[in-house]
Amino acid sequence: MSSSKIDLVIFGARGDLSRRKLFPALFQLDKADLLGDSLRIAAVARQELDSETFVEQIGDILKTNLGDDWSDKVWSRFKKRIDYIRIEFSEKEQFNTLRDWSSDQRALIFYMATPPSMFGLICQHLDEVGCIDNKARVVLEKPIGHDLESSKEVNDTVGQYFPERNIYRIDHYLGKETVQNLLALRFANRMIHSQWDNSCIDHVQITAAETVGIEGRWTYYDGVGQLRDMVQNHLLQLLCMVAMEPPSKVEADEIRAEKVKLLRAMSPINQKNVADQAVRGQYAAGWISGDPVVGYMEEEGSAADSSNTETFVALKVFVDNWRWAGVPFYLRTGKRMKEKVTQIVITYKDNPHAIFTDDNDEANNRLVIRLQPNEGIQLEMVSKKQSMKERLSLEKRTLNLDFLDPEGDGRIADAYERLLLEVLNGDQWLFVSRDEIEASWRWCDDLLQAWEDKKVSPKPYSAGSWGPSKSEILIENEGRSWYQVESDSSK
Ligand code: BG6
């Protein structure tokens with residue numbers, strides 16, 4: 001249960017993130033009695049609108065989106081928490097309305113669901129009208145910059161008003177159930193942990209594949225690309241959770257310190273190795289689930305004749321430390337791919353000597369950690385076929401651990417529910433520190449520079465495929481292959 005003396009201020013309350021994620025998550029927290037009795041929500045945006053109309057609009061959106069999770073009873077309580085406050089962000093005077101709404105006895109949490117270019121201005125005006133004290137927390141959405149230098153500027157600006165312990169940088173992947181479960185899997189299971197290194201593990205694959213395209217965000221996305229949009233944050237965070245050393249406690253400082261060490265141990269991809277270790281792609285027209293879809297350049301809003309922006313990235317990454325020396329981590333993410341799936345696959349080494357004549361003896365053990373859909377873990381094992389006709393035949397079987405608790409309420413909480421709850425609780429363990437952001441940008445900047453220096457343009461791939469053929473070659477060159485996604489489990 002969160003502290004009861006907190007108010008939440010959402011800047012950008014009429015934006016996409018607020019409507020799709022923040023209000024539904026807050027509603028679910030209220031439904032689970034996790035919001036505390038007295039939490040108030042100031043929904044701040046620029047449009048002229050009265051509170052009643054705003055609340056009505058949010059109610060309609062929630063009712064449509066939540067389906068069976070909607071509850072009239074919870075809504076009648078939840079809606080009373082919300083006040084709409086109109087503020088033009090460039091007008092300092094207008095922030096006084098928020099000052100009057102707030103109370104010195106309560107801690108304010110400012111959620112910046114706005115473009116990052118607004119963060120500085122909003123902080124400055126909040127400070128000028130006296131809304132920031134040492135209890136105030138700020139929540140920042142990505143992107144935090146587009147390279148190391150610009151990320152430092154964003155962090156310096158926000159850092160003038162809030163100390164690091166009060167800054168919550170969101171990476172919504174850290175709010176996903178499976179990502180937290182990685183800590184439990186690795187560090188609560190001696191059996192798993194004792195075999196988590198280069199003596200037992202052959203390689204690791206991390207895939208975040210999406211079927212969506214760029215969803216009307218062409219102009220924004222074209223200046224960003226998949227490396228900045230997905231790798232710099234989400235995939236590197238997953239890599240950290242898979243590969244970091246055990247923290248001494250499950251506390252923010254300890255976890256973040258281990259993640260920073262890991263990010264700093266990543267071997268750079270630069271001019272020398274970029275051709276062998278990185279693949280860029282851009283989707284062309286194709287088919288997804290039986291429907292035709294256009295290519296990236298034909299997407300709505302496409303403003304140019306050609307674009308050098310990647311919508312797909314595949315990488316072979318090494319971590320230079322004792323635990324992981326020599327173990328490749330293959331990372332792959334793309335838009336308009338065949339299936340929507342996010343998973344981590346750990347492939348164990350072969351047995352040192354084959355004693356069975358059966359081919360299955362050569363099957364590696366594999367641990368598949370599924371983030372979405374169907375959150376859970378599968379362990380592929382080899383066992384004896386149950387048959388009297390055969391002397392000792394082997395077969396591959398799978399142990400399944402489904403994270404959805406059959407006794408629970410039939411749903412796994414959305415990442416934003418967990419993250420909002422942790423902000424309310426004042427716990428930074430699932431948030432990204434400045435050092436992490438800088439270490440991951442430093443690594444990505446090398447790669448971006450290498451692509452630029454070597455003039456690497458993205459290879460086309462058909463929408464609905466698994467990316468350019470070069471991404472297959474990246475892994476197959478070494479006698480490995482991408483783990484096949486089972487289509488029936490990916491709806
Ligand atoms: C966002 C990216 O951070 O993550 C989007 O900006 C992407 O481009 C999204 O679609 C993917 O999130 P999820 O949770 O659907 O994997």
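What you see below is based on every heavy atom in this structure, not just the backbone, and it leaves out hydrogens, waters and symmetry mates. Whatever order the structure lists ligands and atoms in, that order sets their numbers, starting from 1. For this chain, numbers begin at 1 and follow the sequence in order. Since we're looking at a predicted model, the values are computed, not measured.
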Among protein heavy atoms, which sits nearest to [atom], and what does the distance come to when rounded to 0.1 Å?
atom                    : value
atom 12 (O) of ligand 1 : H172 NE2, 3.2 Å
atom 7 (C) of ligand 1  : E210 OE1, 3.3 Å
atom 16 (O) of ligand 1 : Y173 OH, 2.5 Å
atom 6 (O) of ligand 1  : D229 OD1, 2.7 Å
atom 15 (O) of ligand 1 : K340 NZ, 2.6 Å

Do [X] and [Y] make the cut of ring centroids closer than 6.0 angstrom?
X    : Y    : value
H125 : F89  : no
H203 : F329 : no
W466 : Y461 : no

Apply side-chain hydrogen bond (donor to acceptor under 3.5 Å, both in side chains) to E164 and list each qualifying residue two or more places apart in sequence or on a separate chain.
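If we apply the side-chain hydrogen bond (donor to acceptor under 3.5 Å, both in side chains) test to E164, skipping adjacent residues, the hits are R169.
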
Under 3.5 Å: N/O of E215 near N/O of ligand 1
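No, E215 has no N/O under 3.5 Å of an N/O on ligand 1.
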
Side-chain donor-acceptor contact under 3.5 Å, E380 with Y348:
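Looking only at side-chain atoms, Y348 and E380 do not form any donor-acceptor pair under 3.5 Å.
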
Not counting sequence neighbours, list each pair that qualifies as a ring-ring contact (aromatic ring centres under 6.0 Å, His included) and has a residue in residues 428-460.
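Of all non-adjacent pairs touching residues 428-460, those that pass ring-ring contact (aromatic ring centres under 6.0 Å, His included) are Y168-F431.
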
For ligand 1, which part of R217 has a heavy atom less than 4.0 Å away: the side chain, the backbone, both, or neither?
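Answer for R217: side chain.
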
Numbered atoms and elements of ligand 1 in range of H234, under 4.0 angstrom, heavy atoms
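Close to H234: 1 (C), 3 (O), 4 (O).
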
Would you mind running through ligand 1 and noting each atom that sits below 4.0 Å from a heavy atom of K335?
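Near K335, the atoms of ligand 1 are 5 (C), 7 (C), 8 (O), 10 (O).
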
Closest by any non-hydrogen atom to atom 14 (O) of ligand 1: pick that one out of M230, Q226, K176.
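Shortest heavy-atom distance from atom 14 (O) of ligand 1: K176.
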
Looking at K316, R480, Q277, which one forms a side-chain hydrogen bond (donor to acceptor under 3.5 Å, both in side chains) with Y330?
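Among K316, R480, Q277, the one meeting side-chain hydrogen bond (donor to acceptor under 3.5 Å, both in side chains) with Y330 is R480.
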
